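In what follows, every heavy atom counts, from backbone to side chain, and hydrogens, waters and symmetry copies are set aside. Quick caveat: nothing in here was measured; it's all calculated off a predicted structure.
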Amino acid sequence: MNKVKQIGYSYIRSDISVETVQLTMDDKRKTFWVYNYQGISYRLFKSKKELNKFLKGQSSTHFSFDSEKELDTHFKFTPI
């Protein structure tokens with residue numbers, strides 16, 4: 001199972017934030033960016049480039065989650 005560590009956090013507005021998360025398992029590491037909309041919708045990006053495309057209203061690749069619990073479960077079992 002992966003270990004999840006928050007390595008960065010910034011606010012876009014008071015109710016919208018972006019969290020940088022690092023997953024580790026053994027000697028492997030992977031960084032993800034999580035767009036948190038009002039604590040009710042989460043979008044997970046595999047690269048900062050994809051996050052920036054999303055923030056600019058351009059097409060991007062991401063995973064969507066309806067709760068923090070769903071997101072946490074995904075992190076625990078995501079292959080690194």
Side-chain angles (χ1 to χ4, degrees):
M1 190 177 324
N2 297 326
K3 292 183 183 180
V4 181
K5 181 180 179 183
Q6 179 184 15
I7 58 173
Y9 199 86
S10 62
Y11 284 95
I12 296 173
R13 292 189 335 212
S14 62
D15 59 348
I16 299 175
S17 62
V18 175
E19 182 178 358
T20 308
V21 176
Q22 186 176 70
L23 301 185
T24 57
M25 179 182 262
D26 301 324
D27 61 343
K28 298 178 184 177
R29 291 184 181 163
K30 179 106 174 126
T31 302
F32 295 90
W33 289 262
V34 178
Y35 176 87
N36 176 349
Y37 178 75
Q38 299 181 341
I40 58 173
S41 176
Y42 302 85
R43 295 176 191 245
L44 176 65
F45 299 88
K46 292 182 178 182
S47 72
K48 196 166 186 177
K49 180 180 177 181
E50 288 298 320
L51 170 64
N52 288 333
K53 286 171 75 173
F54 171 77
L55 294 174
K56 292 178 182 177
Q58 300 170 351
S59 177
S60 67
T61 303
H62 62 273
F63 296 94
S64 295
F65 302 93
D66 294 326
S67 72
E68 193 169 1
K69 185 176 181 175
E70 286 179 14
L71 176 65
D72 289 344
T73 299
H74 179 78
F75 276 145
K76 289 180 183 177
F77 301 105
T78 296
I80 297 179

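Applying the side chain to side chain donor-acceptor pair (under 3.5 Å) test to residues at least two apart or on different chains, the pairs with a partner in residues 1-12 are Tyr9-Ser17. Residue pairs meeting the salt bridge (charged side-chain N to carboxylate O under 4.0 Å, His left out) criterion with at least one member in residues 22-41: none, sequence neighbours excluded. Screening residues 67-79 for side chain to side chain donor-acceptor pair (under 3.5 Å), with sequence neighbours left out, gives His74-Thr78.
One distance of note links OG of Ser60 with OH of Tyr35; it measures 11.0 Å at 0.5 Å rounding.
The shortest side-chain heavy-atom distance between Phe75 and Val34 falls under the 4.5 Å cut-off. With contacts defined as side-chain heavy-atom distances shorter than 4.5 Å, the pair Ile12/Leu55 qualifies.
Around atom CZ of Phe63, no more than 12 heavy atoms belonging to other residues, nucleotides or ligands sit under 6.0 Å away.
Hydrophobic clustering, with ILVMFWY side chains joined whenever heavy atoms are under 4.5 angstrom apart, groups Ile16 together with Ile40. Side-chain heavy atoms closer than 4.5 Å link hydrophobic residues (I, L, V, M, F, W, Y) into clusters, and following such links, even through other members, never connects Val18 to Phe32. Hydrophobic clustering, with ILVMFWY side chains joined whenever heavy atoms are under 4.5 angstrom apart, keeps Tyr42 apart from Tyr37.
A search for side chain to side chain contact (heavy atoms under 4.5 Å, CB included) contacts involving Thr31 returns Ile7, Thr20, Gln22, Trp33, not counting sequence neighbours. Applying the side chain to side chain donor-acceptor pair (under 3.5 Å) criterion to Gln38, with sequence neighbours excluded, gives Asp15.
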Which donor-acceptor pairs under 3.5 Å do the side chains of residues 45-54 make with protein atoms, sequence neighbours left out?
unit_1: Ser47; atom_1: OG; unit_2: Glu50; atom_2: N; d: 3.1
unit_1: Glu50; atom_1: OE1; unit_2: Thr61; atom_2: N; d: 2.8
unit_1: Asn52; atom_1: ND2; unit_2: Lys48; atom_2: O; d: 3.3

